[in-house]
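Data first, discussion second: the structure below is written as structure tokens.
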Amino acid sequence: MAAKAARRPSASKKPVLVLNGPNLNMLGKRQPEIYGRETLADVEKACRAEAARLGLGVEFAQSNHEGVLVDLIQAAREKNSAIVINAGAYTHTSVALLDALNAAELPAVEVHLSNIYKREAFRHHSYISPAAVGVIAGLGSQGYLLALQALARLLARSSFSAILDETKLGEIEMADGERRIRVARPTAASAAPIALAPAAVAASAAAPSILAPAAAPSDAAKHPGAVKSPMVGTVYLSPEPGKPVFVNVGDKVAAGQTLLIIEAMKTFNPIKATKAGTIAQVLIENARPVEFGEVLMIVE
Ligand code: DHK
């Protein structure tokens, strides 16, 4: 989803939609021992402040009606750059919301105030998680702010990659307030991924983190043998520290063979070859963070 969003020009200039489902209008009054004492207006205020700090626009909405939530997500496809969604109880029931999120093709972060895994079994399953780049649960209203931070980083990386793609420039430098950011594409001779390097970085812990390595070159993304990351996480090229890597360039692999592992939310997810072939390129370094849709390897 992030990759698709990146293809739309100026996606990050559009506001992020923060969408709340049924009964979240009752925050503050409703089971405060579970959902906290903050009202939805308090959450909105905190989101607006955090979005402003991150340089994001934000739209805040709540509805008790599934169809209204579907309409808002459909409209977001054109109006918004990303979605933070607490779907309330529809999380556990709504295929319609899952379909709408998939159709929106926007990066979405699913948020729950409470730790749904500590609660009744029927809250343990989310229909909408497959459409989310990440899920945050149990951290109260802070979860919304963490979601905005994650999306700010994702959108910045997408827009920098899009600018390089659109301009065909090898390198650009941008000033954003006190920060200056240089974005460079590897030369044809180099197989290294694009590096984002700070020319001068203000010592502000509050600044959004956009200095991590960016996505692999767009040519790689178009390659039919591109192995793309299905999640946000950390890449591990070998099964354990000090052990040989799963695959090297030139290795022949079978369909279903593990190529690498991505750790996401403390879970180790093997990323397997979808077809037999030869490893033509490894575009990711060990122990590096990856975004959804980022190209990891090329199998030819
Ligand atoms: C909010 C709700 O309204 C519940 O139906 C979900 C979620 C959990 C939350 O924790 O924010 O199960």
Side-chain angles (χ1 to χ4, degrees), residues 1 15-51 54 56 58-76 80-104 106-154 231-232 264-267 292:
M1 279 171 290
V16 173
L17 175 64
V18 180
L19 190 54
N20 293 279
N23 298 308
L24 290 165
N25 56 320
M26 299 293 287
L27 280 187
K29 298 184 192 132
R30 171 196 185 204
Q31 295 178 284
E33 67 287 1
I34 295 176
Y35 296 107
R37 299 201 176 273
E38 283 173 290
T39 64
L40 194 61
D42 294 332
V43 177
E44 176 173 358
K45 200 170 157 198
C47 283
R48 291 193 181 283
E50 185 64 8
L54 295 164
L56 294 175
V58 73
E59 271 175 24
F60 203 87
Q62 188 275 332
S63 177
N64 292 329
H65 305 281
E66 190 175 12
V68 174
L69 296 168
V70 168
D71 288 344
L72 288 166
I73 296 168
Q74 285 184 8
N80 300 104
S81 56
I83 301 175
V84 174
I85 181 164
N86 182 348
Y90 288 140
T91 304
H92 318 298
T93 62
S94 180
V95 177
L97 287 185
L98 170 67
D99 287 350
L101 286 167
N102 278 328
L106 294 173
V109 176
E110 177 184 345
V111 171
H112 303 285
L113 294 152
S114 64
N115 181 352
I116 53 174
Y117 302 101
K118 248 175 140 177
R119 301 181 63 194
E120 304 97 316
F122 64 82
R123 294 186 204 274
H124 297 181
H125 178 256
S126 163
Y127 274 96
I128 66 172
S129 292
V133 289
V135 181
I136 302 169
L139 301 178
S141 63
Q142 195 198 359
Y144 288 76
L145 311 186
L146 295 171
L148 288 170
Q149 288 166 23
L151 289 171
R153 181 187 150 123
L154 206 73
M231 63 193 76
V232 175
M265 299 184 74
K266 298 194 175 147
T267 304
F292 175 87

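Since the structure is predicted, the reported quantities are computational estimates derived from the model, not experimental observations. Whatever order the structure lists them in is the order used to number ligands and atoms, beginning at 1.
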Q) ligand 1 and V111, any nitrogen or oxygen pair closer than 3.5 angstrom? A) no
(Q) Testing the basics here: between V16 and N80, what is the closest heavy-atom pair and its distance to 0.1 Å? (A) C-ND2, 4.2 Å
Q: Might you confirm whether atom CZ of R119 has over 12 heavy atoms from other residues, nucleotides or ligands at distances under 6.0 Å?
A: yes
(Q) Just to check, does Y90 reach to within less than 4.0 Å of ligand 1 when the distance is taken from its heavy atoms? (A) no
**Q.** Donor-acceptor pair between E110 and S126 side chains, under 3.5 angstrom
**A.** yes
Q. Between R123 and ligand 1, which part of the residue brings a heavy atom under 4.0 Å of the ligand: side chain, backbone, both or neither?
A. side chain
(Q) Considering non-hydrogen atoms of the protein only, which is the closest contact for atom 1 (C) of ligand 1, and what is the distance? (A) Y35 CE2, 3.6 Å
Q: Determine the interplanar angle of the H124 and Y117 rings, folded into 0 to 90°, and report it as parallel if under 30°, tilted if 30 to 60°, perpendicular if over 60°.
A: tilted
Q.
Please find the pair of heavy atoms, one from L24 and one from G88, that lie closest to each other, and give the distance.
A. CD1-N, 4.2 Å
Q: List the closest protein heavy-atom neighbour of atom 12 (O) of ligand 1: residue, atom name, distance to the nearest 0.1 Å.
A: H92 NE2, 2.6 Å
**Q.** Non-hydrogen atom of T91 closer than 4.0 Å to ligand 1
**A.** no
(Q) Quick one about D99 and Y127 (side-chain donor to acceptor, distance below 3.5 Å, no hydrogens or angles considered), yes or no? (A) no
Q: Using a strict 4.0 Å cut-off to heavy atoms of N86, name the atoms of ligand 1 that fall inside it.
A: 7 (C), 9 (C), 11 (O)
Q. If we ignore angles and hydrogens, is there a donor and acceptor under 3.5 Å between the side chains of N86 and Y144?
A. yes
Q) At a non-hydrogen distance cut-off of under 4.0 Å, which region of L113 contacts ligand 1 (side chain, backbone, both, or neither)? A) both
Q: Pick one of side chain, backbone, both or neither for how E110 approaches ligand 1, counting any non-hydrogen atom pair under 4.0 Å.
A: neither
Q) Are N64 and Q62 close enough that a side-chain donor and a side-chain acceptor fall under 3.5 Å? A) yes
Q. Between I116 and ligand 1, which part of the residue brings a heavy atom under 4.0 Å of the ligand: side chain, backbone, both or neither?
A. side chain
Q) Considering only the protein, which heavy-atom contact is closest to atom 3 (O) of ligand 1, and what is its distance? A) R30 NH2, 2.9 Å
Q | Protein residue, atom and distance nearest to atom 10 (O) of ligand 1, heavy-atom basis | A | S114 OG, 2.6 Å
